[in-house]
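First comes the structure, then the notes that go with it.
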Amino acid sequence: MASVLDLAPVVPVVVVDDPSDAVPLARALVAGGLPAIEVTLRTPAGLDAIREIADAVPDAMVGAGTVITPEQVRESVAAGARFLVSPGWTDVLLDAMRASGVPYLPGVSTTSEVVALLERGVREMKFFPAEAAGGTAYLKSLYGPLPQARFCPTGGIGPASAPDYLALPNVGCVGGSWMLPADAVAARDWGRVEALAREAAGLRGSGAQV
């Protein structure tokens, strides 16, 4: 299976309030060139949204985000999640994600957390909260001693900053929600979402080499 980090330059981070929005939203993102979709479990609709997308949008690789308990790991995979993303990790959560049988991106924000995951054989991680935790300068500093770690930075990233993250050798993709503006989702303007997704899909390679 291809790495989640290599499917597209941007992984949309989706917060769904109304499960009926899940399928048209996912179709718009896929049509725009963003097939890996992280649906967060921040709302009661999260699991239903994952289930709807998994059933109705075969071209989407839908995953579960904000996974923080072993129970959520099990529920997400049962709903059809094909990857898991956590904002941080513990040994208990890591064991559950490893046992799930699907790819996972445990969250880190410190060098020690990265080293601890590398000790456990995990080389692909979420860097969160990216901007607050040091941004591109921090990730650039990590590359020298820890080049084997690859990241999906998420948190505070937008279309202006994404290319600079994507130019880093240890960044596979970034996570963000700017292609899902609240007013477009509220109006169910899926054409606008698709257009913004297409712009995001074209961001790789346009940043400054740092």
Side-chain angles (χ1 to χ4, degrees), residues 1-8 10-19 21-23 25-26 29-30 34-57 60-110 112-133 149-157 171-177 179-180:
M1 177 184 297
S3 166
V4 176
L5 272 60
D6 297 325
L7 291 174
V10 180
V11 174
V13 179
V14 179
V15 180
V16 177
D17 293 306
D18 184 345
D21 290 337
V23 168
L25 185 154
L29 292 172
V30 171
L34 301 180
I37 301 170
E38 175 189 336
V39 177
T40 76
L41 302 185
R42 299 179 199 172
T43 68
L47 284 173
D48 286 337
I50 291 170
R51 192 174 294 108
E52 294 282 346
I53 295 169
D55 287 345
V57 193
M61 183 170 180
V62 63
T66 323
V67 175
I68 58 173
T69 68
E71 181 181 13
Q72 288 179 327
V73 170
R74 292 188 290 270
E75 290 174 341
S76 298
V77 174
R82 295 170 61 188
F83 65 94
L84 305 168
V85 184
S86 68
W89 66 276
T90 65
D91 288 328
V92 171
L93 180 59
L94 188 66
D95 287 345
M97 290 193 293
R98 191 190 301 272
S100 70
V102 302
Y104 53 93
L105 297 174
V108 297
S109 60
T110 69
S112 294
E113 291 171 323
V114 175
V115 172
L117 285 177
L118 290 173
E119 280 187 354
R120 290 160 173 78
V122 178
R123 287 176 163 72
E124 297 187 344
M125 313 166 195
K126 172 179 178 172
F127 179 58
F128 176 83
E131 288 287 281
R150 297 180 72 219
F151 300 96
C152 174
T154 304
I157 298 174
V171 169
C173 63
V174 301
S177 56
M179 71 297 299
L180 297 162

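For reference, positions follow the sequence shown, starting with 1.
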* Ignoring hydrogens and angles, tell me if any N or O in the side chain of Arg82 forms a donor-acceptor pair with the backbone of Ala36 under 3.5 Å. =>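 No, Arg82 side chain to Ala36 backbone: no donor-acceptor pair under 3.5 Å.
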
* To do: Check whether any side-chain N or O of Ser86 sits under 3.5 Å from a backbone N or O of Ile68 as a donor-acceptor pair, and report yes or no.
  =>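 Here the side-chain-to-backbone pair does not exist.
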
* Got a sec, which residues hit salt bridge (Lys or Arg N to Asp or Glu O under 4.0 Å) with Arg123, two or more places apart in sequence or on another chain? ->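 Scan of Arg123 (salt bridge (Lys or Arg N to Asp or Glu O under 4.0 Å), adjacent residues dropped) gives none.
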
For a 4.5 angstrom cut-off between non-hydrogen side-chain atoms, does [X] reach [Y]?
X      : Y      : value
Thr66  : Gln72  : no
Arg42  : Val13  : yes
Phe151 : Val114 : yes
Ile37  : Val30  : yes
Leu7   : Cys173 : no
Leu180 : Val14  : yes

Given [X], which of [options] fulfils the side chain to side chain contact (heavy atoms under 4.5 Å, CB included) condition?
X      : options                : value
Val39  : Ile50, Leu47, Asp48    : Ile50
Trp89  : Met125, Arg120, Lys126 : Arg120
Glu124 : Pro103, Ser3, Pro106   : Ser3

* Asked: Should Ser177 and Val15 be marked as a side-chain contact (heavy atoms from CB on, under 4.5 Å) after you check the CA-CA gap, both sets of side-chain angles, and the distance that decides it?
  -> CA-CA 9 Å; Ser177 56; Val15 180; over 6 Å; no

In Å, rounded to the nearest 0.5 Å, how long is the span from [atom1] of [X] to [atom2] of [Y]?
X      : Y      : atom1 : atom2 : answer
Thr90  : Met97  : OG1   : CE    : 8.0 Å
Leu5   : Arg150 : CG    : CZ    : 5.0 Å
Leu105 : Phe127 : CG    : CZ    : 14.0 Å

* **side-chain contact (heavy atoms from CB on, under 4.5 Å) between Ser100 and Leu84, intermediate numbers included** => CA-CA 9 Å; Ser100 70; Leu84 305 168; 3.6 Å; yes

* Asked: How would you list, by chain and number, every residue that makes a side chain to side chain contact (heavy atoms under 4.5 Å, CB included) with Ala78, sequence neighbours excluded?
  ->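 Checked Ala78 against side chain to side chain contact (heavy atoms under 4.5 Å, CB included); zero matches.
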
* Evaluate the side-chain contact (heavy atoms from CB on, under 4.5 Å) criterion for residues Thr69 and Glu75: first the C-alpha distance (whole Å), next the side-chain angles of each, then the deciding distance (0.1 Å), finally the verdict. => CA-CA 10 Å; Thr69 68; Glu75 290 174 341; over 6 Å; no

* Where Val67 and Val73 come nearest, the two heavy atoms and their spacing ->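 Scanning both residues completely, I find the closest heavy atoms to be CG1-CG2, 3.5 Å.
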
